[in-house]
Amino acid sequence: MRASLIQIAVDEGESVNSRRERVSSLVREVAARERSGLVVLPELWTTGAFAYDSFASEAEPLEGPTYEAMREAARDAGVWLHAGSVPERDPEGPLYNTSLVFSPDGELAAAYRKIHRFGFDKGEAVLMGAGSRLVTVRTPSTTLGLATCYDLRFPELFRGLVDAGAEMFVVPAGWPARRREHWLLLARARAVEDQVYVLACGTGGTHAGVPQAGHSVVVDPWGEVLAEAGDGEEVLTVDVEPAKVLATREQFPALKDRLLGMDPPRG
Ligand SMILES: NC(=O)CCC(=O)C(=O)O
């Protein structure tokens, strides 16, 4: 299975509408050129993950303009498309940071509302609601497990996805350059501890004064980095072998040694 991650440069000089059109074209071009079966985009690439001031004004209903543009792009290209995330406006609730996955016929295969919101007592953490549901997507070749950016710091979420059958974690992000080493380390850690592929797609450029880490990365179930992007806009294409997940788990069956019922400390 061939996967292409499109690391988008999210800069303020480009309007949301222009970026949406540009990214729709890119999805079609990349899928055709690279012959990808799966294309992945980053977190909140319409606004930028740190552009807190524009979350409310650019929020969309689930089936809003980004949904429409991405479903058409997936269908035209005939690919599985993880369209990254959008600021979603729930008519009966708060905003959510919602990832969208489309099948090659342009149907919505899954929507995942980010569970761990970033910002402590400001930013996304106060402007958006928290999702509560783990989401996996079955494709004909593998099962994807969905997570978004800051979720990467919470290993229990990923164990939950493994227990639900995930073999490939897809993690769109808008991670800042200042913590790039955490990003790379955590992507590899999740791959090694859960013996899965990790496809982690970030943003480049600078928005809201926050230079982005870039360095999208694909890690195999042994923790080897198969490809890593630089800082700017870039496409990473990698052939992944879903059978390698089972092979790794058979060769080194650490997941079987999990202790599920440990005693609490005394005292
Ligand atoms: N958009 C995010 O979730 C940012 C996460 C981050 O900066 C970090 O975990 O560090």
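Side chains included, hydrogens not; waters and symmetry mates left out as well; all remaining heavy atoms used. Note that ligands are numbered from 1 as they come in the structure, with each ligand's atoms numbered from 1 the same way.
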Top protein contact for atom 7 (O) of ligand 1, by heavy-atom distance: Arg179 NH2, 2.8 Å

Tell me whether Arg180 is salt-bridged to Asp231, with the criterion being a basic N under 4.0 Å from an acidic carboxylate O. yes

Does the ring centre of Tyr150 sit less than 6.0 Å away from the ring centre of Phe154? yes

Pull out every atom of ligand 1 sitting under 4.0 Å from any heavy atom of Trp175, numbered as shown with elements. 8 (C), 9 (O), 10 (O)

In ligand 1, which numbered atoms sit nearer than 4.0 Å to a non-hydrogen atom of Lys114? 1 (N), 2 (C), 3 (O)

Short version for Phe118: what comes under 4.0 Å of ligand 1, heavy atoms counted, is side chain

Decide if atom CZ of Arg35 counts as having more than 12 heavy atoms of other residues, nucleotides or ligands within a radius under 6.0 Å. no

Listed once per pair and sorted, the salt bridge (charged side-chain N to carboxylate O under 4.0 Å, His left out) pairs that draw on residues 2-16, sequence neighbours left out: Arg2-Asp239, Glu14-Arg19, Glu14-Arg22

By the ring-ring contact (aromatic ring centres under 6.0 Å, His included) test, which pairs, at least two apart or in different chains, include something from residues 177-219? Trp175-Trp183

Have a look at ligand 1 and work out which part of His116, if any, has a heavy atom under 4.0 Å from it: side chain, backbone, both or neither. neither

If we number the atoms of ligand 1 from 1 as shown, the ones under 4.0 Å from a heavy atom of Cys149 are 1 (N), 2 (C), 3 (O), 4 (C), 5 (C)

Need the ligand 1 atom indices (1-based, order shown) with element for anything under 4.0 Å from a heavy-atom of Glu43. 1 (N), 2 (C)

To the nearest 0.5 Å, atom CG of Leu41 lies from atom OG1 of Thr203 at 11.5 Å

Run the numbers for me: atoms of ligand 1, each under 4.0 Å from some heavy atom of Tyr150, listed by number. 3 (O), 5 (C), 9 (O)

Determine, stepwise, if the pair Arg20 / Glu58 fulfils salt bridge (Lys or Arg N to Asp or Glu O under 4.0 Å). CA-CA 12 Å; Arg20 192 183 292 116; Glu58 298 297 343; 5.1 Å; no

Nearest-neighbour protein heavy atom for atom 9 (O) of ligand 1, which is reported as residue plus atom name and distance: Arg153 NE, 2.6 Å

